[in-house]
Participant: 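Please find one structure pasted underneath; my questions will follow.
These numbers come from a predicted model, not from an experiment. Quick note: numbers below take in every heavy atom, side chains included, and nothing from hydrogens, waters or symmetry partners. Chain letters run A, B, ... following the sequence lines, proteins first and then strands; every chain starts at 1.
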Amino acid sequence: MSGGVDSSVAAALLAEQGHDVIGVSMQLYPSTPRDPSTPNHEASGLVIGRSGQAAVDPAVQKWGTCCTIDDLYDARRVAATIGIPHYIVNFESQFGEHVISNFVREYVSGRTPIPCSHCNSDLKFAELLDRARAYDAEQLATGHYARIERDDRGRYHLYRGADNSKDQTYFLFSLTQEQLARAAFPVGHLDKDAVREHARRLNLHVTSKPDSQEICFVPDGNYAAFVERQAPDAARPGTIVDHDGRVVGTHAGVHRFTIGQRKGLGLSSSEPLYVLEIKPDAAQVVVGSRDALGRTRLTASAVNWISGEAPSEWLRVNAQIRHRHAAAPAKVRSTDGGRVELEFDTPQTAVTPGQAVVFYDGDEVLGGGWID
RNA sequence: UGGGGCGUGGCCAAGCGGUAAGGCGCCGGCCUUUGGAGCCGGUAUUCGAAGGUUCGAAUCCUUCCGCCCCAA
């Protein structure tokens with residue numbers, strides 16, 4: 001239970017259906033409870049880092065949009081409303097170890113990470129699932145907009161949420177048969193309006209709580225500053241060059257850029273310039289016009305096939321390369337070592353190393369991997 | 001003190017007689033469980049300054065101011 005509407009309704013619906021439900025929330029950062037007497041009353045967020053893993057400037061007071069101490073209070077209050085027990089599990093060290101360290105490492109190496117995916121695969125459906133077992137829970141339910149179905153042969157299939165506009169399967173591509181067998185997504189067959197309607201009907205006080213967004217652990221959305229705090233050596237200045245290698249500017253570190261980025265380049269030209277390529281070894285950022293951003297081919301690593309079996313031949317799929325990207329027709333085939341090569345029918349804008357490529361057949365998620 | 005060029009919003013910059021493009025940046029908003037992108041709206045009564053020509057000038061003329069380049 002994150003304290004948001006979706007997981008709250010998920011828990012409430014299961015309880016209403018008569019299941020024996022235990023509410024569990026993950027505490028991801030050391031927390032500082034809201035204290036009205038504190039002059040800086042905005043310091044109601046969580047402070048990462050006092051205890052080691054993620055040292056963050058405590059002066060930054062506005063924290064993320066999920067998993068803050070206030071969200072934990074919301075979760076607790078919802079659990080009370082539903083009438084279920086509620087536990088908070090401390091995952092600070094795991095979160096720092098899996099999610100934050102990966103986040104920092106990726107940016108420093110010129111790639112663009114997806115912390116949400118790692119949070120799902122390395123925490124929720126790993127550590128939290130284990131913890132659920134300790135509570136004697138048969139299944140782990142979350143508020144994800146995704147659907148799981150089991151076929152005649154006992155195989156699990158993952159589908160986009162019924163509300164395609166809220167679908168979250170892009171962040172769930174790494175789930176395995178074992179994980180799917182123990183997972184449940186009670187709101188996956190609902191659309192957002194229906195979920196809020198349930199929340200209202202069930203008198204959950206989070207009914208009108210805004211949807212979460214942006215990276216939950218980065219204050220102010222200033223992830224570059226966050227990375228620099230975590231890895232001071234990352235701020236290695238370099239040059240910005242154009243397609244022909246001419247130096248057109250300088251920058252304060254490759255971690256500040258991602259493929260397709262337009263803002264923050266600090267350059268002037270007659271047309272918008274976009275980041276085309278990042279060369280971490282040379283500390284170089286290549287920029288150019290938008291039409292140079294299209295790419296047809298990509299390879300990916302650490303590929304997961306949800307069925308458990310990688311296809312042996314070229315397979316037609318719709319491939320999605322970022323959240324909110326309209327999956328585009330492509331063919332994909334396995335190569336060595338859990339890797340894959342993929343070719344789009346038409347060029348896609350800003351294929352970005354570190355992001356995930358997820359394969360779909362209609363609404364079904366076939367699998368996905370990390371773009372090289 | 002011979003020759004040439006340039007001064008347009010915070011920055012880059014188009015326009016070269018008909019009533020201030022565009023980009024960057026910035027400010028709002030939309031979108032969004034990653035980043036980026038995208039979309040909508042806002043951001044110069046004014047074109048180094050002062051005169052003049054004209055129905056009308058950033059655009060033509062004059063002078064001045066400030067930069068830059070090439071020759072000696």
Participant: A/H243: which residues meet the side-chain contact (heavy atoms from CB on, under 4.5 Å) condition with it, sequence neighbours left out?
Facilitator: A/L276
Participant: Go through A/D211 and A/R196 one step at a time and tell me if the salt bridge (Lys or Arg N to Asp or Glu O under 4.0 Å) criterion holds.
Facilitator: CA-CA 11 Å; A/D211 291 353; A/R196 288 201 186 275; 2.8 Å; yes
Participant: What does A/Q261 touch in the nucleic acid at a heavy-atom separation under 4.0 angstrom: a base, only the sugar-phosphate, or nothing?
Facilitator: sugar-phosphate
Participant: Does A/R262 contact B/G36 through a side-chain donor or acceptor facing the base, at a distance under 3.5 Å?
Facilitator: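 Result: no qualifying N/O pair found.
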Participant: Tell me the interatomic distance from A/K263, atom NZ, to B/C24, atom C1', rounded to whole angstroms.
Facilitator: 9 Å
Participant: Which one of A/F217, A/F125, A/F173, A/W370 satisfies the ring-ring contact (aromatic ring centres under 6.0 Å, His included) criterion with A/H118?
Facilitator: A/W370
Participant: Of the nucleotides B/U34, B/C24, B/U33, which has the atom closest to the A/P272 side chain?
Facilitator: B/C24
Participant: Could you tell me how far B/A14 sits from B/G7 if I compare only their P atoms? Round to whole Å.
Facilitator: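 One P to the other, the span is 8 Å.
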Participant: Contact class for A/Y274 vs. all strands (heavy atom < 4.0 Å): base, sugar-phosphate, or nothing?
Facilitator: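 Since only primed, P, OP1 and OP2 atoms lie under 4.0 Å of A/Y274, the category is sugar-phosphate.
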Participant: Just to be sure I understand the rule, does A/G264 reach a base, reach only the sugar-phosphate, or reach nothing, if contact means heavy atoms closer than 4.0 Å?
Facilitator: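 Sugar-phosphate contact only - A/G264 comes under 4.0 Å of backbone atoms but never of a base.
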Participant: Counting any heavy atom closer than 4.0 Å, what does A/I259 reach on the DNA or RNA strands: base, sugar-phosphate only, or nothing?
Facilitator: base
Participant: Determine the Euclidean distance between corresponding C1' atoms of B/U46 and B/C30; express it in Å to zero decimal places.
Facilitator: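 Result for the C1' pair: 32 Å, nearest Å.
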Participant: With a 3.5 Å cut-off and just heavy-atom distances, do the side chain of A/T258 and the base of B/G36 make a donor-acceptor pair?
Facilitator: no
Participant: How is A/T352 classified with respect to the nucleic acid when contacts are heavy atoms under 4.0 Å: base, sugar-phosphate, or nothing?
Facilitator: base
Participant: What is the distance from CG of A/D163 to C1' of B/C31, rounded to the nearest Å?
Facilitator: 14 Å
Participant: Closest to the A/H144 side chain: B/U33, B/G23, B/U34?
Facilitator: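 For A/H144, the side-chain atoms sit closest to B/U33.
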Participant: Measure the distance from CG on A/D211 to C1' on B/U34 and round it to the nearest whole Å.
Facilitator: 16 Å
Participant: Mind checking the C1' distance from B/A50 to B/C55? Whole angstroms is fine.
Facilitator: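 These two C1' atoms come out 23 Å apart once rounded.
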Participant: Taking the same atom, P, in B/A72 and in B/G15, what whole-Å distance lies between them?
Facilitator: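 After rounding to an integer number of Å, I get 34 Å for this pair.
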Participant: Side chain of A/R290, heavy atoms from C-beta onward: which of B/U33, B/A37, B/G35 has the nearest atom to it?
Facilitator: B/A37
Participant: Which of these nucleotides, B/U32, B/U33, B/G35, is closest to any side-chain atom of A/R322?
Facilitator: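 Given the options B/U32, B/U33, B/G35, the side chain of A/R322 is closest to B/G35.
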Participant: Select base, sugar-phosphate, or nothing to describe what A/Y107 touches, counting heavy atoms under 4.0 Å on all strands.
Facilitator: sugar-phosphate
Participant: Does A/Q284 form a side chain to side chain contact (heavy atoms under 4.5 Å, CB included) with A/V241? I'd like the steps, not just the answer.
Facilitator: CA-CA 7 Å; A/Q284 204 169 64; A/V241 302; 3.6 Å; yes
Participant: Find the distance A/Y170:OH to B/U33:C1' and express it as a whole number of Å.
Facilitator: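 Answer to the nearest Å: 13 Å.
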Participant: Suppose you measure atom P in B/C70 against the same atom in B/C27; what distance do you get, rounded to whole Å?
Facilitator: 41 Å
Participant: Within 45° of the axis and under 6.0 Å from the centre of the six-membered ring of A/Y170, does NZ or CZ of A/R322 qualify?
Facilitator: no
Participant: Both A/L273 and A/D167 contact RNA chain B. Which one's nearest nucleotide lies toward the 5' end?
Facilitator: A/L273
Participant: Expressed in whole Å, how much space separates the P atoms belonging to B/C67 and B/G35?
Facilitator: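 Nearest-Å result for B/C67 against B/G35 at atom P: 48 Å.
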Participant: Using the salt bridge (charged side-chain N to carboxylate O under 4.0 Å, His left out) criterion, which residues pair with A/E106? Sequence neighbours excluded.
Facilitator: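 A/E106: salt bridge (charged side-chain N to carboxylate O under 4.0 Å, His left out) contacts with A/R111.
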Participant: I'd like to know if A/E341 pairs up with A/K331 as an ion pair, taking the criterion as any Lys NZ or Arg NE/NH1/NH2 lying under 4.0 Å from an Asp or Glu carboxylate oxygen.
Facilitator: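 No.
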Participant: With a 4.5 Å heavy-atom cut-off, do A/T169 and A/Y159 have their side chains touching?
Facilitator: no
Participant: Can you measure A/L265 atom CG to B/G36 atom P for me and round it to whole angstrom units?
Facilitator: 12 Å
Participant: I'd like the P distance from B/G52 over to B/C12, given in whole Å.
Facilitator: 32 Å
Participant: Ion pair present between A/D372 and A/R339, side-chain N to carboxylate O less than 4.0 angstrom?
Facilitator: yes
Participant: Quick one: A/I215 CD1 to B/U34 C1', roughly how many Å, whole number?
Facilitator: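 Taking CD1 of A/I215 and C1' of B/U34, I get 6 Å after rounding.
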Participant: Answer with base, sugar-phosphate or nothing: what part of the nucleic acid does A/P113 contact at a heavy-atom distance below 4.0 Å?
Facilitator: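 Contact class for A/P113: base.
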Participant: A side-chain contact here means heavy atoms from C-beta on lying under 4.5 Å apart; do A/K209 and A/D74 qualify?
Facilitator: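 Yes, their side chains come closer than 4.5 Å.
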Participant: In whole Å, measure the gap between the P atoms of B/U8 and B/C60 for me.
Facilitator: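 Here B/U8 and B/C60 have their P atoms 16 Å from each other.
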Participant: Report the distance from atom CZ of A/F257 to atom P of B/A37, rounded to the nearest whole Å.
Facilitator: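 So the CZ-P distance, A/F257 to B/A37, works out to 12 Å.
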Participant: Can you list the stems that include RNA chain B, where a stem is three or more consecutive Watson-Crick or G-U pairs with distances under 3.5 Å?
Facilitator: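 Consecutive-pair runs (3 or more) involving RNA chain B: B:2-7 with B:65-70, B:10-12 with B:22-24, B:25-30 with B:38-43, B:48-52 with B:60-64.
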Participant: Whole angstrom is fine here: how far is it from CD in A/Q320 over to P in B/A37?
Facilitator: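 So the two atoms are 18 Å apart, to the nearest Å.
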Participant: So, is A/H323 close to the B/U34 phosphate, meaning a side-chain N or O under 4.0 Å from OP1 or OP2?
Facilitator: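 True: A/H323 side-chain N/O within range (under 4.0 Å) of B/U34 OP1/OP2.
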